[in-house]
Participant: 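Please read through the structure below; I'll follow up with questions.
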Amino acid sequence: MLESLKEAVCDANRMLPAYGLVTFTWGNVSQIDRESGLLVIKPSGVEYDRLRPEDMVVMDLDGNQVEGDLRPSSDAATHVELYRAFESVGGIVHTHSSYAVSWAQAGRDIPCYGTTHADYFYGEIPCLRALTREEIESAYEKNTGLLIAGEFLRLGKDPMAVPAVLCKNHGPFAWGKDAVEAVHNAAVLEEVAKMAYRSEIINPRISPAPQPLQEKHYFRKHGKDAYYGQA
C-alpha cells in the first residue's frame with residue numbers, strides 16, 4: 001500500500017540529519033495522499049540511518065493505524081489534525097532544531113528582519129501560547145495540532161504563506177506541498193531563527209525589515225506575478 005509514498009517519506013526523514021535538523025531521533029516527517037485520505041509517517045524512535053520504506057506507518061485521518069508493524073511517531077496525532085485543517089498541506093515536519101527551539105522556549109515570534117526570511121515566510125513566524133494542563137493531560141499531541149490550526153484561523157494566516165510555527169516550550173512544525181518541501185521549509189526556518197538571534201545580539205534595538213521590502217521578496221517568489229527562477 002502506497003509503496004512509492006513510503007519511499008518518498010523514508011527519504012525525506014533521512015534528510016533531517018543531513019541538514020542538521022535533528023539530534024538522535026528528535027524529529028519526524030509525514031506526507032499525505034489526498035486521493036486515498038491516508039498519510040505515511042516515520043515510526044517512533046527509529047534511528048534515521050536504520051529507516052527502510054517498509055518501516056513507514058500508514059494512517060488515516062481519524063488517527064487509525066492502517067498498515068505497519070511499528071508504532072507511528074508520537075507526534076502523529078498532531079500531523080493528522082494539521083492535515084485535517086489545512087487542505088493545501090501535503091507534507092509535515094517536526095524537529096527540535098536548536099535555534100528554532102530556542103525561540104519557542106523563549107515564547108517569541110520570529111520577526112522578519114531581512115529578505116532571507118521574507119523569501120519564504122509572509123511576516124513573522126508565530127510562537128503559540130502554551131497548552132493548558134487540561135490540554136496536555138487529555139490529548140497532548142492532538143491538542144497541539146488543534147491549537148496550531150485554531151491560531152492560524154484566529155490570526156488570519158494562510159498556512160502556505162507562513163509554512164511554519166513554533167509551539168511554546170516545545171519546538172517547530174513546518175509543512176509544504178509534499179514532504180521534501182516541508183523539510184526544505186524546516187531547514188530555512190532554522191537558518192532564519194539563527195540569523196534573527198544573531199541580529200538581535202548585534203543590535204538589540206533592531207526593527208523588522210520595511211514592509212515594502214518584505215512584500216517585494218515574498219511576492220517575487222510566490223503568487224501569480226512571481227518571477228524568481230525558471231518558468
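Heads up: numbering here begins at 1 and tracks the sequence.
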Participant: Measure the NE2-NZ distance between H217 and K221 for me, rounded to the nearest 0.5 Å.
Facilitator: 10.0 Å

Participant: Could you tell me if K42 sits above the aromatic ring of Y48, with its cationic atom closer than 6.0 Å to the ring centre and no more than 45 degrees from the axis?
Facilitator: yes

Participant: Counting only N and O atoms by type, is there a donor-acceptor contact under 3.5 Å from the side chain of Q214 to the main-chain atoms of A209?
Facilitator: yes

Participant: Does C127 offer a backbone N or O that forms a donor-acceptor pair with the side chain of D109 under 3.5 Å?
Facilitator: yes

Participant: Please indicate whether N64 has more than 12 foreign heavy atoms, meaning atoms of other residues, nucleotides or ligands, lying under 6.0 Å from its CG.
Facilitator: yes

Participant: Ignoring hydrogens and angles, tell me if any N or O in the side chain of Q65 forms a donor-acceptor pair with the backbone of V58 under 3.5 Å.
Facilitator: no

Participant: Which value, rounded to the nearest 0.5 Å, describes the distance between D11 atom CG and M56 atom CE?
Facilitator: 9.5 Å

Participant: Between L128 and L166, does a side-chain contact (heavy atoms from CB on, under 4.5 Å) hold up when you go through it step by step?
Facilitator: CA-CA 6 Å; L128 307 185; L166 304 177; over 6 Å; no

Participant: Given V93, which of L21, V183, V180 fulfils the side chain to side chain contact (heavy atoms under 4.5 Å, CB included) condition?
Facilitator: V183

Participant: Looking at R84 and D62, is any side-chain nitrogen of the basic one under 4.0 Å from a carboxylate oxygen of the acidic one?
Facilitator: yes

Participant: Could you go step by step and tell me if H184 and Y19 meet the side chain to side chain donor-acceptor pair (under 3.5 Å) rule?
Facilitator: CA-CA 9 Å; H184 185 101; Y19 283 112; 5.9 Å; no

Participant: If the plane angle is over 60° it's perpendicular, under 30° parallel, otherwise tilted; pick one for Y218 and H222.
Facilitator: parallel

Participant: Which atoms form the tightest heavy-atom contact between L39 and D60, and what is the distance?
Facilitator: CD2-O, 4.4 Å

Participant: Applying side chain to side chain donor-acceptor pair (under 3.5 Å) between N28 and each of N13, D75, T95, T78, report the one that passes.
Facilitator: D75

Participant: Take I125 and L189 through the test side-chain contact (heavy atoms from CB on, under 4.5 Å) and record every step on the way to the result.
Facilitator: CA-CA 9 Å; I125 299 162; L189 168 64; 3.5 Å; yes

Participant: Over all heavy atoms of both residues, which pair between P204 and I201 is shortest? Give the atoms and the distance, please.
Facilitator: CD-O, 4.1 Å

Participant: Is there a salt bridge (charged side-chain N to carboxylate O under 4.0 Å, His left out) between E200 and R205? Walk through the geometry before answering.
Facilitator: CA-CA 7 Å; E200 291 196 357; R205 294 183 295 278; over 6 Å; no

Participant: Could you tell me whether R108 and E124 make a salt bridge, using a distance below 4.0 angstrom between a side-chain N and a carboxylate O?
Facilitator: no

Participant: Test of understanding: clusters of I, L, V, M, F, W, Y form through side-chain heavy atoms closer than 4.5 Å, transitively. Do L70 and M1 belong to the same one?
Facilitator: yes

Participant: Quick one: OH on Y83 to CG on L61, what's the gap to the nearest 0.5 Å?
Facilitator: 9.5 Å

Participant: Give me the ring orientation class for H170 and H94: parallel if the planes are under 30° apart, tilted from 30 to 60°, perpendicular past 60°.
Facilitator: perpendicular

Participant: Taking N143 for its side chain and E135 for its backbone only, find out whether a donor-acceptor pair lies under 3.5 Å.
Facilitator: yes

Participant: Stepwise, does the ring pair (Phe, Tyr, Trp, His ring centres under 6.0 Å) test hold for W175 with F86?
Facilitator: CA-CA 10 Å; W175 47 80; F86 301 153; 5.7 Å; yes

Participant: Using only atom types and a distance under 3.5 Å, with no angle test, would you say the side chain of R14 pairs donor to acceptor with the backbone of L51?
Facilitator: yes

Participant: If you round to the nearest 0.5 Å, how far is CZ of R50 from OG1 of T25?
Facilitator: 10.5 Å

Participant: Under the 3.5 angstrom rule, does the side chain of E215 hit a backbone N or O of Q211 as a donor-acceptor pair?
Facilitator: no

Participant: Find the distance between OG (S207) and OH (Y113) and round it off to the nearest 0.5 Å.
Facilitator: 8.0 Å

Participant: Going from CD1 on I92 to CD1 on I41, what distance comes out if it is rounded to the nearest 0.5 angstrom?
Facilitator: 8.0 Å

